[in-house]
Each structure stands twice: as C-alpha cells, then as structure tokens.
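Keep in mind that what you see is a predicted model, and the values were worked out from it rather than measured. These values consider heavy atoms only, across backbone and side chains, with no hydrogens, waters or symmetry-generated copies. To find a chain, count down the sequence lines: A is the first, B the second, and so on, and within it residues start at 1.
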Amino acid sequence: MPRRSYDFQAIEPKWQRWWKERRVAAVNTAAPADKFYTLMMFPYPSGKLHVGHGRNYILGDAVYRYFRMRGRRPLNPMGWDSFGLPAENAALKRGSHPHAWTMENIAEMKRQFHAWGVLYDWDREVMTCVPEYYRWNQWFFIQMFKKGLAYRGLANANWCPSCATVLANEQVVGGGCERCGTAVEGRLLEQWYFRITAYAERLLQGLDRLRQWPERVVTLQRNWIGRSEGTDIAFEIPDLKETVTVFTTRPDTLFGATYLALAPDHPLAERLIRPGDLAELQKMRLRKQDDTDEKWGIPTRFEALHPLTGGRIPVWIANFVLMEYGTGAIMSVPAHDQRDFEFATRYGIPIVEVIHRDGGFDGTAAYTEEGTLARSGKFDGMPNDEAKRAITAELERAGKGKGSVRYKIRDWLISRQRYWGTPIPIVYCPSCGPVSEKEEHLPVVLPTDVAIQGSRGNPLASHPGFLNAPCPKCGKASRRETDTMDTFVDSSWYFCRYITPREDGAMFRSDLVNAWLPVDLYIGGIEHAILHLLYARFFTHALRDLGMTDFEEPFKQLFTQGMITKHSEVTGKLEKMSKSKGNVVAPDDIIRDHGADTERLYTLFIGPPEKDAEWSDQGVLGASRFLNRLWQFAQEAAEAAGEAEHGADEAALARKLHQTIKKVTGDYERFHFNTAIAAIMELMNAYGRYHERPARSASLEREVLTTVVKLLHPMAPHVTEELWEQFGNEPSLLEVPWPSYSPDLAKEETVTVVVQVNGKLRDQIQVPESASREEILEAARQAPRAAPFLEGKALRREPVYVPKKLVNFVVG
RNA sequence: GCCGGAGUGGCGAAAUGGGUAGACGCAAGGGACUUAAAAUCCCUCGGGGUAUCAACUCCAUGCCGGUUCGAGUCCGGCCUCCGGCACCA
C-alpha cells in the first residue's frame with residue numbers, strides 16, 4: 001500500500017553503497033590490539049532469507065554498531081555453511097548441480113544481507129564447500145584418526161530412510177530425523193565416529209566456566225552428557241566360565257538383585273540362550289527400543305553368582321536393556337527399580353525388599369526413595385546413602401567391583417551416505433585395511449562431474465576417477481571411502497578459519513587464532529543448543545590437544561535469540577517461519593514497502609530478543625510511523641528559527657533527554673532493544689509536545705534530534721546516517737562517540753513520593769529533590785488524600801521511609 | 001516420568017536490588033482535517049461499583065497458602081503451556 005513517507009528507497013541503497021565502498025567493517029587480524037570478536041552463526045544457503053532469519057543478523061548488527069560507537073572495532077565476519085543435503089534434494093528436483101544451486105543461493109542471500117544494512121568484514125568470507133576449506137576437515141580427521149579419536153565402528157546406527165543416510169545421535173529428534181522428521185530406523189552398520197566420549201568429562205567440566213552462557217543451554221548440554229556415578233559389579237557365570245559386568249547407580253540395593261538382564265546385542269547373548277531361542281533373540285534385536293513397548297525377555301540356561309552372598313540368580317536377555325549405555329548388562333532389583341519390577345512381575349521372578357522405610361515398598365510398585373538396609377547381611381540398618389559407599393568398598397576389597405562413572409553421551413557418528421559433503425580421506429587397501437590419505441595429497445577433492453540420482457546410493461560410488469586410488473601405504477590398487485562427513489564437522493571450527501581465511505598451509509595461523517579467540521560474543525538460535533555448540537566445543541578441546549591452539553572453550557559469551565513465529569494456514573498453529581509451513585514473510589517485500597530500517601526497528605521492538613515472538617504486519621506499521629515522525633521532526637527543525645529563553649519546559653525536555661541516554665545505554669548493554677526503543681519513543685513524544693509551543697529553543701531541539709539519531713543508529717542505521725548528514729555532520733555515525741549523559745541534568749527537580757497507609761496507596765506528593773527525610777515525612781502526614789486514614793489512629797511503628805520514593809504509615 | 005523455562009489488559013509487552021502494576025507499541029472506539037478515502041493529528045482504552053462528568057472506591061500479575069509495613073518480584077504446594085530428554089540402570 002502506498003504511504004507518504006521519507007524516501008527510504010533512495011536513502012537505504014545510498015548508505016549501503018557508502019559502507020561497502022569504504023569497507024567500514026574491515027579488520028586487520030594481524031594486528032590484534034584491543035581485540036574483540038563478535039560472531040553470528042553462519043547460515044546454510046537454503047535459498048532466501050526470511051524475516052525470521054533477520055532476527056539473528058539484525059540483533060547482531062545492532063550490537064556490532066553499538067560497540068563501534070563505544071570506540072571498539074570488533075571482528076565481525078560472515079560465511080556460508082554450504083555443504084548439506086538440501087542442495088542434493090534441490091538438484092534432484094530441478095536438475096541443477098548442488099554446487100551451482102548453492103552458489104546461486106549464496107549470491108542471493110548476500111544481496112539480502114546487504115539490503116538489511118548489516119555490516120560484515122566480507123574480505124573474510126568463508127565457504128565450507130570449497131576444497132580450500134574442507135581440506136582442513138580432512139586434515140583434522142587424519143590427526144584424529146592417528147590418535148585413535150576417529151575410528152571405524154560397528155553399531156546400531158540411526159538410519160533415515162528418506163534422507164538415505166545415517167544420522168548422529170544428536171540429529172535424532174523425538175525419534176525422527178532432525179531434517180525431515182521421518183521416523184529413524186536402527187541399522188547395524190560400520191561407520192566412522194569421532195570419539196567425543198573421550199572428552200565427556202572435560203566437556204562437562206568446561207560448562208562450569210561458561211558463566212556468560214544462558215543457563216538453559218548449559219543445563220541442556222549437562223543433561224546430554226549425562227554423567228552418572230555408580231559401581232561396576234562383576235557377576236560370575238560359572239557354567240559358562242564367563243563374567244558379566246554390570247553398571248549400577250544403586251550398589252546399596254545389591255542384596256535385592258534377583259536376576260541379571262543383558263541387552264539382546266550383548267556379546268554373550270548368543271552363547272547364553274537355549275539354541276531354540278535364536279529366532280526370538282533376532283526378533284528382539286530388530287525391534288527398535290521404544291518405551292511404549294512392553295518389557296519382555298528370554299530366559300537363558302545360566303545362572304550367575306551373587307558377588308557377596310554367592311547365591312545363584314537367573315540370567316535373562318531383556319528388551320529394555322541398552323547395549324549402548326553402561327556395560328549392556330544390569331543387575332535387576334525389582335523392589336527398588338520400576339522397570340525391573342515390571343519385568344519381574346511379568347515373569348514371576350522373586351522380589352526382595354532391601355531398602356526399608358515405613359510406607360516404603362508396598363508390593364504394587366518399586367520403592368526408589370531413601371531408607372535403611374534390610375536383608376543385606378552386615379549392612380542391615382545402614383542408611384542407604386552410606387551403604388552405596390560401604391558396599392562398593394566391600395566389592396573392591398573382594399576384587400568384584402569398583403566405583404565407576406558413566407556418561408549418556410555417545411560417540412559422534414560422522415559418516416553420511418551422501419554426495420554433497422567433505423570426502424572422508426580414507427582408502428581401503430586389500431592388504432593394509434583402512435589407511436588415511438597422505439597429508440600432502442590433500443585435499444581429496446569432491447568430483448563435480450557426477451549425476452545426482454536420488455536415494456539410489458551415493459554417486460561417488462559410481463565415479464571411477466574418485467573411487468579408485470592407490471593405497472597410501474603400499475601403493476596397491478584400492479578403493480576410496482565414498483561416505484562424506486556430517487556437515488556439523490564444517491561448522492565446528494569455522495570461527496577459527498575467519499582469522500586467517502586464505503591461509504593455505506594450515507587450518508589457520510595458531511598465533512593469530514590464539515590472539516583473537518575465544519569469540520567474545522556469539523549470537524545464534526537456541527535450536528543449536530546441543531548439536532553445533534557441543535561439537536564446536538569438542539573440536540576446540542581437540543584442537544588444543546593437537547597443539548594447534550591454547551584455549552579450550554570457543555565462545556565466551558553466548559546469546560541465543562528466540563524464533564520468529566507466524567500463524568500457519570497449513571497447520572493452523574503458530575509455527576517457526578518456513579516454506580513448508582507457508583508462513584514466511586519476505587524481507588524484500590517489507591523493505592520495498594517500508595524500508596530496511598523499519599524492518600530492523602520492528603524486529604528489535606517485537607519483544608525480548610531471547611524469547612520467541614509472533615510476527616505482526618500491523619506492528620511493522622508502528623515502527624514505520626515512528627521513523628516517519630522522526631524524519632518529519634528533523635525536516636521541521638531544519639526550518640525552525642528563533643531561540644526561546646530557557647525555562648521550565650526546556651529544563652524538562654533536557655532532563656528527559658539525559659534520562660533517555662542513561663536508560664538506552666543500559667538497555668543496549670543488556671540487549672534490551674525493545675525497551676530502548678520504547679524510551680526513545682517516549683523522548684520523541686515529549687519532544688512532540690514541546691514542539692507545539694509557539695516559542696521554542698531551536699538549539700535544544702537540535703540537541704535532542706542529534707542525540708536521538710545517535711541512539712537510534714545501531715537499530716536504524718540508514719535513516720540516521722542520512723539525518724546526521726543533513727544536520728551538517730560528516731558521516732559515518734559508526735565513528736561518532738556514543739552520547740554520554742549528565743547526571744545533574746538527568747536529575748529530577750521534584751520527586752514523586754508515594755504515601756501509603758498500611759501498605760495501601762493513598763496519595764502522591766511532589767517534594768523538592770533536595771527534601772530531607774523529616775520534610776518528606778511531614779509533607780506525607782499532610783497529604784490530603786492520606787490524612788483521613790491517619791486521623792485519630794496511632795502509629796504502630798516508625799513510618800517506613802524509602803528515600804525519595806515512598807512513605808508508609810502503619811497505624812493501629 | 002525426569003530436567004529446564006514461562007503464565008501480567010483484546011494483543012506484543014514494561015516494571016533493572018521487595019516499594020505508584022500495565023511504560024512503549026498494536027488493535028479497537030470517538031473526534032479533527034478531507035467532497036470522500038488513505039495518510040496525519042487529538043482524545044478514550046484492565047474489571048466492578050458509587051457517581052456523573054478534572055471525583056471516589058474496591059478488585060486485579062495462572063490457583064492456594066506463607067514471609068513482610070509492603071509481593072508480579074521471595075518461600076512452599078498445586079494447575080496450565082512451551083522446550084529438552086526419555087526403558088541411560
């Protein structure tokens with residue numbers, strides 16, 4: 001809809017060119033004096049950016065520009081997370097090559113960044129899909145391989161049938177594929193892993209040092225790592241001449257163990273079962289673990305010896321025991337574990353109560369709380385908490401157990417049966433087995449002359465030029481690994497690459513990376529709380545162990561902004577913006593109709609940035625109105641002549657101005673852009689009222705407008721640069737110091753003191769700012785609307801007095 | 001089930017260390033301007049009651065209770081919603 005407004009269509013491109021031509025955000029990383037590193041999570045080039053993406057980048061740009069006006073010069077780079085499955089899917093659908101599709105998207109999205117007026121040091125642009133970048137994924141992989149931290153393992157992997165690839169544990173969300181939502185299946189496959197579990201303890205400990213991370217992200221990661229302290233206990237199976245070790249966090253319940261249960265894929269499972277049960281075992285192995293499944297088991301021919309009593313207990317194979325956690329075997333204590341209870345009840349296995357308390361175990365469900373030991377030999381009567389230590393110590397003396405720490409986190413599966421990713425630099429030699437490529441042969445280049453054929457396998461497997469390679473060790477004709485790496489590998493170290501983006505002899509220059517890292521402020525979406533942020537932390541720890549860097553944690557301060565949502569006609573609900581939900585708002589349209597500054601202002605005004613917020617087309621109009629009003633005031637000020645004497649109205653406006661500077665500055669420091677904008681709006685409302693007066697001070701009006709232009713610049717950079725120039729100043733506002741306020745001028749001459757009687761608001765009085773406690777109390781006593789409530793009543797205590805704010809009379 | 005987070009007007013929200021609840025904006029209603037509309041500007045805007053008009057008063061921050069002179073804010077117990085994990089022994 002056409003509206004009368006300032007000419008943003010001319011102003012915005014003008015300033016975008018101005019900033020670009022002067023490379024205003026360029027930083028020389030070779031001279032790291034007063035280093036400061038701000039970073040927005042780089043995007044996947046999926047096509048077009050929508051206003052939901054905008055929140056991240058607009059927020060980051062406002063912070064960046066604010067820092068600039070505070071005299072800092074942050075490093076603020078941008079790049080592209082440009083390997084990934086959507087490129088292949090698009091290739092299938094439209095017949096384009098993933099590379100061409102990706103490059104087109106990058107060009108388009110770069111144009112959109114530009115149109116938002118966000119500033120990056122584009123000289124440092126990084127793309128993960130080029131050999132100059134991904135060769136260092138390969139180099140890193142080889143270092144990890146040499147240290148045994150990258151390994152090939154056989155495990156029940158998560159398979160997404162729609163994406164035709166395996167997924168990391170972290171990429172399975174609620175049993176479905178993180179990307180497409182398809183239900184994930186279990187498949188026993190040999191795949192490449194990074195041994196992130198070797199870093200579990202350090203990744204956990206490191207969380208304590210991340211004081212400037214949102215607590216909920218830290219909690220999410222802590223739970224994901226899932227540290228448990230307990231005891232490993234060895235149960236002998238004499239007839240098989242084997243020992244089964246179990247892990248338990250409840251060694252205090254050891255005397256209540258009435259059976260052992262092993263995972264169906266436990267190494268001993270096949271030898272334990274009766275020969276006729278093999279089909280049952282196979283069936284159990286195929287069934288995906290699912291808590292809606294009933295617990296069931298296969299009894300075995302064997303019994304195990306209780307390590308302390310020597311009593312015999314049966315050994316079962318049970319569907320609810322996970323091979324991936326602990327030792328893949330458990331001791332079952334039905335009286336004190338609900339799962340064990342359900343299983344025991346079903347199969348008539350004895351239930352022995354060993355942790356006693358009145359109202360404790362009642363035979364209908366497991367009792368899992370505190371209590372004292374019973375039926376536990378010499379431990380009887382001991383509080384169970386103490387018994388955990390005592391029984392573990394006893395087992396250690398007997399050589400049948402030891403204290404143990406286990407983690408829920410699993411190794412990171414990085415193989416992907418896809419084309420558009422980093423080739424894993426491994427060659428399978430018929431004599432030497434899997435051999436890593438020689439470092440001087442890197443990069444193993446991803447061939448571009450392939451035909452994408454959909455889920456019918458990876459095109460690399462039918463590309464002879466890629467597939468056939470000599471063994472790096474013995475030279476024998478061999479076959480290359482055709483799987484590519486999870487794209488989270490790419491994003492796990494890109495923040496280091498920005499420091500020396502064109503370095504071709506190493507991942508990066510260590511001295512400069514040590515000088516510039518960790519990132520001082522990292523801004524991105526909460527959806528990466530586990531995946532990206534955990535992997536990046538892991539890489540950073542590993543890089544230090546490789547001697548590449550001297551720091552362990554990559555991101556000092558993390559800010560996670562909420563999603564922009566909008567009602568979806570497809571689902572009928574509020575949803576995160578996405579093409580499939582049909583609720584995308586295009587920045588191009590907003591910028592065309594209202595300007596980028598309006599989109600920016602509205603995006604920052606929509607609510608607290610860490611919370612989700614619903615996009616409102618009406619709200620955009622409010623932001624637009626405000627900027628137009630500012631523009632209008634500025635035009636009138638330019639015409640204004642005359643200088644009124646400074647009186648009470650002038651003092652009031654000046655006071656409001658200085659209070660606003662104070663308020664807005666505090667709000668910027670805490671990223672509370674919504675309240676900063678509200679404060680500036682209040683100031684402009686006061687200005688508008690002042691402006692109605694017949695006699696006005698042009699110099700004061702000019703001062704207010706000039707200051708507002710500065711305060712608003714980080715949020716609405718184009719219109720403010722234009723007005724700054726109109727006022728006769730040299731651009732750019734980026735170089736203009738942030739306004740400071742005068743505490744004297746900000747101080748109120750009179751303050752409002754609230755008068756309460758028994759905590760109820762009864763009146764408000766105006767007193768001079770300089771009034772003493774006694775004067776204020778006296779004035780409060782006489783406050784006309786409060787006095788009736790005081791009449792004839794005795795004070796029950798000294799009046800409560802909050803200096804210059806409140807008086808509360810407590811009467812009988 | 002476990003672990004987080006959040007519940008304040010019609011809506012987005014504000015209240016920074018317990019001290020005037022609802023700033024700022026959106027929507028809505030009324031008015032001015034206009035041939036008319038758009039745009040712009042002005043006024044009203046949590047609920048009830050007594051009033052009649054510049055007033056007074058009670059209630060109100062998911063629910064119940066507590067601490068306090070005073071609670072949106074602190075404590076205890078519930079309810080609802082959102083996110084994460086989910087047979088992790």
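The side chain of P608(A) has A13(B) as its nearest neighbour among U16(B), A13(B), A89(B). The side chain of I530(A) sits closest to G84(B) out of A89(B), G84(B), U16(B). Looking at the side chain of R762(A), the nearest of the listed nucleotides U57(B), A13(B), A89(B) is U57(B).
Between G5(B) and R216(A), no contact under 4.0 Å exists linking OP1 or OP2 to a side-chain N or O. Between S228(A) and A89(B) there is a side-chain N or O to OP1 or OP2 distance below 4.0 Å. OP1 or OP2 of A14(B) lies within a sub-4.0 Å distance of a side-chain N or O belonging to N674(A).
Using a 4.0 Å heavy-atom criterion, one finds that P799(A) contacts no nucleic acid atom at all. If you check every strand for non-hydrogen atoms under 4.0 Å, I330(A) touches a base. Among the heavy atoms of the strands, none lies under 4.0 Å from R227(A). Within 4.0 Å of R785(A), counting heavy atoms only, lie sugar-phosphate atoms of the nucleic acid but no base atom. Using a 4.0 Å heavy-atom distance criterion, K663(A) is classed as a base contact.
Checked for salt-bridge contact, D612(A) and K576(A) miss the test: no charged N lies under 4.0 Å from a carboxylate O. Ion pair R655(A)/E769(A) not flagged as a salt bridge, since none of the NZ, NE, NH1 or NH2 atoms sits closer than 4.0 Å to an Asp/Glu carboxylate oxygen.
Rounded to a whole Å, the CD atom of E215(A) is 14 Å from the C1' atom of G84(B). Rounded to whole Å, the distance from CZ on F235(A) to P on A89(B) is 17 Å. C41(B) atom P lies 10 Å from atom CG of N628(A), rounded to whole Å. Taking atom CD on E342(A) and atom C1' on G1(B), their separation rounds to 11 Å, with Å as the unit. Atom P of nucleotide G5(B) and atom CG of N223(A) are separated by 11 Å, given to the nearest angstrom. Atom CD of E692(A) is separated from atom P of C41(B) by 10 Å (rounded to the nearest Å). Note: CD1 (I409(A)) to C1' (G84(B)) measures 15 Å, nearest angstrom. When the C1' atom of A23(B) is taken as reference, atom CE of M684(A) falls 18 Å away, rounded to whole Å.
Nearest heavy-atom pair, P608(A) versus N674(A), reported as atom, atom and distance to 0.1 Å: N-ND2, 3.5 Å. Nearest heavy atom pair, residue L281(A) against residue P264(A), reads CD1-O, 3.6 Å. Smallest separation of non-hydrogen atoms from A269(A) and R285(A): CB-NH2, 4.2 Å. The two residues A329(A) and V244(A) make their nearest non-hydrogen contact at CB-CG1, 3.6 Å. Nearest heavy-atom pair across A613(A) and R55(A) is CB-NH2, 4.0 Å. Minimum heavy-atom separation, I351(A) to P334(A): CG1-CB, 3.8 Å.
Glycosidic conformation at G72(B) (O4'-C1'-N9-C4 for purines, O4'-C1'-N1-C2 for pyrimidines): anti, more than 90° from 0.
In this structure, the side chain to side chain contact (heavy atoms under 4.5 Å, CB included) partners of E369(A), at least two apart in sequence or on a different chain, are Y367(A).
The distance from the OG1 atom of T750(A) to the NZ atom of K804(A) is 12.0 Å, given to the nearest 0.5 Å. Distance check: W631(A) CH2 to D597(A) CG gives 10.5 Å after rounding to the nearest 0.5 Å.
Distance noted for atom C1' between C64(B) and C79(B): 10 Å (whole Å). When the C1' atom is compared between C2(B) and A13(B), the two are found 32 Å apart, to the nearest whole Å. Comparing G70(B) with G1(B), their C1' atoms sit 40 Å apart, to the nearest whole Å. Rounded to whole Å, the P atom of G83(B) lies 26 Å from the corresponding atom of C75(B). For the C1' atoms, the distance from G9(B) to C3(B) is 33 Å, rounded to whole Å. Spacing between U34(B) and U16(B) at atom C1', rounded to whole Å, works out to 47 Å. Using C1' as the reference atom, U20(B) and A14(B) are 14 Å apart when rounded to the nearest Å. Look at the P atom in both G76(B) and G22(B): the space between them is 29 Å, to the nearest Å.
Taking the nucleotide of RNA chain B with the nearest heavy atom to each of D612(A) and M331(A), the more 5' of the two is matched to D612(A). Along RNA chain B, the nucleotide nearest to T675(A) and the one nearest to V810(A) differ in position, and the one closer to the 5' end is contacted by T675(A).
Counting only N and O atoms by type, the side chains of R797(A) and N808(A) include no donor and acceptor under 3.5 Å apart.
By the 4.5 Å heavy-atom criterion applied to side chains, V333(A) and R250(A) are not counted as neighbours. Here the side chains of I680(A) and M715(A) are in contact, with some heavy-atom distance below 4.5 Å.
The environment of R216(A) atom CZ is sparse: at most 12 non-hydrogen atoms of other residues, nucleotides or ligands sit within 6.0 angstrom.
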**OP:** Evaluate the ring-ring contact (aromatic ring centres under 6.0 Å, His included) criterion for residues Y347(A) and W316(A): first the C-alpha distance (whole Å), next the side-chain angles of each, then the deciding distance (0.1 Å), finally the verdict.
**Re:** CA-CA 11 Å; Y347(A) 291 106; W316(A) 287 70; 4.6 Å; yes

**OP:** Give the C-alpha distance, both sets of side-chain angles, the deciding distance and a yes or no for salt bridge (Lys or Arg N to Asp or Glu O under 4.0 Å) between K663(A) and E682(A).
**Re:** CA-CA 11 Å; K663(A) 163 85 177 143; E682(A) 273 189 69; over 6 Å; no

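For the segment residues 251-259 of chain A, no residue has any heavy atom less than 4.0 angstrom from an atom of RNA chain B.
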Which pairs, protein N/O on one side and nucleotides 17-20 of chain B N/O on the other, fall under 3.5 Å?
residue : atom : partner : partner atom : Å
G19(B)  : N2   : Q756(A) : OE1          : 3.2
U20(B)  : O2   : Q764(A) : NE2          : 2.9

Could you list, one pair per line, each protein nitrogen or oxygen that sits under 3.5 Å from a nitrogen or oxygen of nucleotides 49-51 of chain B, together with the distance?
none

Pairwise N/O distances under 3.5 Å, protein to nucleotides 24-26 of chain B:
residue : atom : partner : partner atom : Å
G25(B)  : OP1  : N685(A) : ND2          : 3.3
C26(B)  : OP1  : R625(A) : NE           : 3.0
C26(B)  : OP1  : R625(A) : NH2          : 2.7

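Residues F673(A) and Y668(A) place their aromatic rings such that the two centres sit under 6.0 Å apart.
Consecutive Watson-Crick or G-U pairs involving RNA chain B, each under 3.5 Å on both distances, make up stems of three or more pairs at B:1-7 with B:79-85, B:10-12 with B:24-26, B:28-32 with B:40-44, B:46-50 with B:55-59, B:62-66 with B:74-78.
Annotation: cation-pi geometry not satisfied between K295(A) and F343(A) (NZ/CZ under 6.0 angstrom from ring centroid, within 45° of ring axis).
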